[in-house]
Peer 1: 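Before I ask anything, let me first share the structure, which is written out below as structure tokens.
Values below: all heavy atoms of this structure, side chains included; hydrogens, waters and symmetry mates excluded. Nothing here was measured: the structure is a model prediction, and the numbers come from that model.
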Amino acid sequence: MTASRIRLGFLTHANGPADTRETYRGLLRLFRAADELGYHTGWISQHHFQDDYGRVPSPLPFLAAAAAQTSRIRLGTAVVIAPLEDPVRLAEDAAVVDEISEGRLELGLGNGGFGPETERVFAAFGIDPAHRRERGSQVLARTLRALRGEPLGDRPDGPVLQPPVPGLADRVWWSSANPRGGAEAGAQGAGLLLARRAIGVSGPTDLDQLRVVEPYVEQPAVGPVVPPRIAVSRGLFATKDPAASDEEFRRIVHHYLEGPLRNGEFPPGLVFDDYLARSNFFHGHPEQVAEQLNRDRILPYATELIVQVHYGATVAESLRNLELIATEVAPLLAPPVRSPVHSPAGAGAGAGGEVRR
């Protein structure tokens, strides 16, 4: 991959055929290919009780398998649903994967989505979704304490995490779509994960996400000075022949739209272009895709661009897309704006760090 001005990752929501083993084999092919293409990170989402869209309920074991088949690419969860997790067990599982991967894990956490599907998942776990934010905040804080090697439990001589992975605390991310969550991520010294599209708004996603970025970069951290890490996800479909691939692209988008329409996130009866704008997918020749991305209001703040390529696409289509993005889109991206680092209350801000691997 030609050196880009921003760290480049990819994300799969792990959709695939009913044959789970076939789906997982295809997903591992994506991680191997991305590793060979020079992607900095590969991310996988967590979904529960899905038989088509979101086939991986336990992303950490999957990433352990991906670690065994790759050598350089960093391996991320985007995201583990924090309110459903025990923070100590989560830290233990993450520590094992980080050791297996030789320090390549990126641990992304969040509170999960909204709507009837999410309520069904929370009910199955016996968790009241009304308390998700409070529980999620507690899990984030306790997971970070465990990863930093602090005593667990209420006693100062309590046990500490084994195996010890203190560096993983600097690779924890928090996903949020609201200013409160952005401020919390900044205060905890976590990276900020921004979704591909804003939920519940009809306006531009990037404009809405600025509301999250601003409190994140301005929030004083409670711990050591850390550079802000902002990873933004976007749906990209690059092609050398946009006209010829239009039918393929429309099939992919229509497959994706089934979920938001079923859950009531999108209103029925809109024309395709309106749904496309709300979905925040970028399509076209590599130069057109790069031009669209360079107009994105979030990209100048981002230290990482995470491209989503595997909704209704086949593995072969996703592989072609990954290659075009790495070789022809990424080199055309504008450099990020260096933002002030998070600093402890009362401390001055410094310059941001290098974002490339």
Side-chain angles (χ1 to χ4, degrees), residues 11-24 27 43-63 76-90 93-94 107-140 142-143 173-178 180-181 184 193-202 205 208 212 233 235 252-270 275 278-280 308 310-312:
L11 166 67
T12 173
H13 279 269
N15 61 305
D19 186 330
T20 306
R21 293 180 183 178
E22 181 182 348
T23 295
Y24 289 178
L27 293 172
W43 303 78
I44 192 161
S45 62
Q46 180 185 59
H47 295 273
H48 293 287
F49 316 124
Q50 299 291 331
D51 60 1
D52 177 27
Y53 174 82
R55 303 296 307 282
V56 177
S58 300
L60 287 170
F62 176 87
L63 291 180
T77 59
V79 295
V80 171
I81 304 173
L84 305 181
E85 299 287 335
D86 178 281
V88 177
R89 286 291 301 117
L90 174 61
D93 287 347
L107 183 61
L109 309 175
N111 283 328
F114 294 89
E117 290 295 327
T118 297
E119 292 178 3
R120 184 172 70 99
V121 169
F122 273 70
F125 278 82
I127 303 295
D128 184 352
H131 302 302
R132 69 162 71 196
R133 287 181 177 172
E134 178 183 358
R135 287 182 59 90
S137 296
Q138 293 171 351
V139 170
L140 172 62
R142 291 187 63 197
T143 301
W173 300 75
W174 184 249
S175 174
S176 182
N178 61 74
R180 175 183 170 185
E184 181 172 19
L193 283 172
L194 295 172
R196 176 181 45 77
R197 68 177 179 89
I199 305 295
V201 300
S202 58
T205 286
D208 185 76
V212 188
S233 178
I252 292 170
V253 174
H254 280 299
H255 182 275
Y256 161 74
L257 289 174
E258 293 175 3
L261 287 170
R262 181 178 61 250
N263 296 333
E265 298 172 23
F266 287 169
L270 300 182
Y275 283 128
R278 289 177 181 240
S279 301
N280 211 31
Q308 298 189 25
H310 191 223
Y311 276 106

Peer 1: Search all heavy atoms of Ala82 against all heavy atoms of Val139 and return the closest pair with its distance.
Peer 2: O-CG2, 3.3 Å
Peer 1: Measuring from Ile81:CD1 to Phe125:CZ, what's the distance to the nearest 0.5 Å?
Peer 2: 7.5 Å
Peer 1: For Gln308 and Leu11, which heavy atoms make the closest approach, and how far apart are they?
Peer 2: NE2-CD2, 3.4 Å
Peer 1: Between His13 and His47, how do the two ring planes meet: parallel, tilted or perpendicular, split at 30° and 60°?
Peer 2: tilted
Peer 1: Test your reading of the model: is there a side-chain donor-acceptor pair from Gln46 to the backbone of Ser58, 3.5 Å cut-off?
Peer 2: no
Peer 1: What is the distance from atom CZ of Arg89 to atom OG1 of Thr143, rounded to the nearest 0.5 Å?
Peer 2: 11.5 Å
Peer 1: Would you name the heavy atoms of Tyr275 and Leu270 that are closest together and state the gap between them?
Peer 2: CE1-O, 3.1 Å
Peer 1: Which heavy atom of Leu27 sits nearest a heavy atom of Ala14, and at what distance?
Peer 2: CD1-CB, 3.7 Å
Peer 1: Tell me, do Arg142 and Val88 make a side-chain contact under 4.5 Å, heavy atoms counted?
Peer 2: yes
Peer 1: With the side chain counted from C-beta on, respond yes when Leu60 and Leu90 share a heavy-atom pair under 4.5 Å apart, and no when they do not.
Peer 2: yes
Peer 1: Nearest 0.5 Å, what's the CG-CD distance between Asp93 and Glu85?
Peer 2: 8.0 Å
Peer 1: Going by atom types only, do Thr20 and Arg55 share a side-chain donor-acceptor pair under 3.5 Å?
Peer 2: yes
Peer 1: Side-chain contact, heavy-atom cut-off 4.5 Å: Pro83 with His131?
Peer 2: no
Peer 1: Does any donor atom in the side chain of Glu184 or Ser137 lie under 3.5 Å from an acceptor atom in the other side chain?
Peer 2: yes
Peer 1: Looking at CH2 of Trp174 and CG of Leu140, how far apart are the two atoms once the value is rounded to the nearest 0.5 Å?
Peer 2: 5.5 Å
Peer 1: Check for me whether Arg132 meets the cation-pi criterion with Phe122, that is, NZ or CZ under 6.0 Å from the six-membered ring centre and within 45 degrees of the ring axis.
Peer 2: yes
Peer 1: Would you check, one step at a time, whether the test side-chain contact (heavy atoms from CB on, under 4.5 Å) holds for Trp173 with Thr77?
Peer 2: CA-CA 9 Å; Trp173 300 75; Thr77 59; over 6 Å; no
Peer 1: Answer whether the closest heavy-atom distance between the side chains of Leu84 and His48 falls below 4.5 Å.
Peer 2: yes
Peer 1: Can you confirm whether more than 12 heavy atoms, excluding those of Arg120, are under 6.0 Å from its CZ atom?
Peer 2: yes
Peer 1: Quick check: do Ile252 and His255 have side-chain heavy atoms less than 4.5 Å from each other?
Peer 2: no
Peer 1: Heavy-atom count check: over 12 atoms from other residues, nucleotides or ligands less than 6.0 Å from Asp19 CG?
Peer 2: yes
Peer 1: Contact between Glu265 and Ile199 at the side-chain level, heavy atoms closer than 4.5 Å - yes or no?
Peer 2: yes
Peer 1: Between Val80 and Pro59, what is the shortest heavy-atom contact and its length?
Peer 2: CG2-CG, 4.0 Å
Peer 1: Provide the closest heavy-atom pair for Asp208 versus Ala177 in the form atom of the first, atom of the second, distance.
Peer 2: OD2-O, 4.4 Å
Peer 1: Is there a side-chain contact between Arg197 and Pro260, using heavy atoms and a 4.5 Å cut-off?
Peer 2: yes
Peer 1: Can you find a pair of side-chain heavy atoms, one from Tyr53 and one from Glu117, that are under 4.5 Å apart?
Peer 2: no
Peer 1: So, taking the atom named CD in Glu134 and the one named CG in Asp128, what distance separates them when rounded to the nearest 0.5 Å?
Peer 2: 10.5 Å
Peer 1: I need the Leu194 CG to Ser176 OG distance, nearest 0.5 Å.
Peer 2: 8.5 Å
